[in-house]
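Just so you know, residue 1 is the first one in the sequence shown, and it goes up from there.
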Amino acid sequence: MARLAQTHGLTDVQQEILATVRDFVDKEIIPVATELEHRDEYPQAIVDGLKELGVFGLMIPEEYGGLGESLLTYALCVEEIARGWMSVSGIINTHFIVAYMLKQHGTQEQKEYFLPRMAAGETRGAFSMSEPGLGSDVSAITSKAVKDGDEYVLNGQKMWLTNGGTSTLVAVLVRSDEGHPEGTAPHKSMTTFLVEKEPGFGEVRPGLTIPGKIDKMGYKGVDTTELIMDGLRIPANRVLGGTTGRGFYQMMDGVEVGRVNVAARGCGVAQRAFELGVQYAQQRHTFGKPIAQHQAIQFKLAEMATKVEAAHAMMVNAARKKDSGERNDLEAGMAKYLASEYCKEVVEDAFRIHGGYGFSKEYEIERLYREAPMLLIGEGTAEIQKMIIGRRLLEEYRFQG
């Protein structure tokens with residue numbers, strides 16, 4: 001086992017789960033990741049393997065067929081999976097955000113209906129907040145739900161759905177002015193709808209279209225899509241939690257889980273970049289000796305390893321805080337911000353260590369170099385994280401003058 005990014009205080013069960021996932025990553029993901037990524041091919045065999053391991057039910061309670069594990073266990077598994085190929089960790093991330101939101105906020109009927117199938121990997125989740133005209137400004141959402149008898153009619157266009165094509169359940173955040181008088185704050189007139197659909201592209205149910213995959217610089221393999229609602233009818237019992245107006249808070253709770261996930265992904269990608277860099281530095285010779293023996297390279301390796309350790313520690317702290325039931329938006333924001341920034345820097349240093357070969361698609365570091373930037377914007381940009389962190393610090397350190 002590598003010496004970096006170790007986590008103290010894990011139970012025997014947690015250690016066994018991580019060892020199983022790590023073994024799967026080393027044998028089933030790393031050997032094929034770059035080839036699949038270059039073809040932008042969905043990793044069906046890898047997903048099927050994770051399904052057999054029970055990863056899709058990792059955090060779902062045992063009463064619904066899951067393993068009932070903690071966010072920490074999940075985050076550490078994500079770290080391992082992202083070390084193999086970040087796109088695979090993205091496939092399970094949105095699934096778990098939706099499962100978490102159902103567990104925390106769903107009605108009993110919604111939990112009993114969805115969670116067992118999600119635990120088995122038969123129902124796969126995606127969630128949708130962003131729209132073409134907005135990113136971090138969630139209050140500016142224009143997609144809308146209008147009550148019509150026992151149903152709601154949804155119209156609007158959503159953007160940047162991870163798993164938009166392969167998912168069969170999408171948690172969609174829209175405006176719902178019904179029951180909320182004019183002048184109500186935007187975040188108090190939003191509702192999350194649980195939208196079931198067929199996998200694939202085109203019209204996946206009446207009134208709902210997934211146009212196709214968005215072509216991306218990196219983060220390939222996993223499908224990223226738009227979602228278009230045009231007279232989409234959803235029964236009232238598919239309002240998450242059964243009551244309108246709570247969608248913003250439900251989504252933000254889920255995003256905190258997502259931010260820990262992105263931090264874990266940053267840790268995994270950074271660790272893999274370090275592994276590639278330190279290995280190459282001992283193989284490549286210049287001026288009569290391995291470049292690892294040059295002080296300039298040793299300094300790089302020292303900085304890279306320190307960043308891997310620091311990001312991992314902060315990610316673990318954020319996950320444990322959430323598991324304790326305490327508010328963790330400060331810790332999750334810090335972890336996501338630091339891990340994504342450090343990931344970019346560690347990957348770039350590994351790229352520099354590889355020299356000209358780092359620019360070749362034959363070397364794995366080329367793929368990591370294109371993947372790392374996604375973490376800088378996923379689940380909120382660095383600027384958004386700093387806004388969250390700053391506001392929370394002012395709450396904690398309010399001057400009493």
salt_bridge([X], [Y]) N-O dist < 4.0 Å:
X    : Y    : result
R367 : E364 : yes
D329 : R391 : no
D26  : R22  : no
E371 : K220 : no
K213 : D215 : no
E348 : K300 : no
E131 : K158 : yes
E198 : R205 : no
E79  : R83  : no
R259 : E331 : no

Next on the checklist: I want to check something: taking the side chain as every heavy atom from C-beta on, are V174 and N155 in contact at a cut-off of under 4.5 Å?
Outcome noted: no
Next on the checklist: Between M86 and L368, is the side-chain contact (heavy atoms from CB on, under 4.5 Å) condition met? List the steps.
Outcome noted: CA-CA 9 Å; M86 191 182 74; L368 270 58; over 6 Å; no
Minimum heavy-atom distance [X]-[Y], with the two atoms named:
X    : Y    : result
F248 : L173 : N-CD1, 3.9 Å
F56  : K51  : CD1-CA, 3.8 Å
Q250 : M101 : O-CG, 3.8 Å
I210 : G200 : CB-O, 4.0 Å
R175 : T142 : CD-CA, 4.3 Å

Next on the checklist: For the OG atom of S87 and the CD1 atom of I92, what is their distance to the nearest 0.5 Å?
Outcome noted: 12.0 Å
Item to check | From L71 atom CG to F96 atom CZ, the distance as rounded to the nearest 0.5 Å | outcome: 10.0 Å
Item to check | salt bridge (charged side-chain N to carboxylate O under 4.0 Å, His left out) between K321 and E256, intermediate numbers included | outcome: CA-CA 11 Å; K321 191 73 177 287; E256 284 184 14; over 6 Å; no
Next on the checklist: With side-chain hydrogen bond (donor to acceptor under 3.5 Å, both in side chains) as the criterion, how do Q14 and T73 come out once you've worked through the C-alpha distance, each side chain's angles and the decisive distance to 0.1 Å?
Outcome noted: CA-CA 6 Å; Q14 287 175 312; T73 307; 2.9 Å; yes
Checklist entry - R39: what forms a side chain to side chain donor-acceptor pair (under 3.5 Å) with it, not counting sequence neighbours? => result E35, E41
Item to check | For Y363, side chain to side chain donor-acceptor pair (under 3.5 Å) partners two or more places apart | outcome: none
Checklist entry - What residues form a ring-ring contact (aromatic ring centres under 6.0 Å, His included) with F127, not counting sequence neighbours? => result none
Next on the checklist: As a quick check of understanding, evaluate salt bridge (charged side-chain N to carboxylate O under 4.0 Å, His left out) for D253 and K322, giving each step before the final call.
Outcome noted: CA-CA 10 Å; D253 191 19; K322 187 77 170 176; 2.7 Å; yes
Next on the checklist: Tell me if a side-chain donor or acceptor on N163 pairs with a main-chain N or O of A126 at a distance below 3.5 Å.
Outcome noted: no
Checklist entry - For K216, does the NZ atom have more than 12 heavy-atom neighbours from other residues, nucleotides or ligands under 6.0 Å away? => result yes
Next on the checklist: Let's go through E366 and H38 carefully: what are the C-alpha distance in whole Å and the side-chain angles of both, what is the deciding distance for side-chain contact (heavy atoms from CB on, under 4.5 Å) to 0.1 Å, and is it a yes or a no?
Outcome noted: CA-CA 11 Å; E366 180 269 344; H38 285 167; 3.3 Å; yes
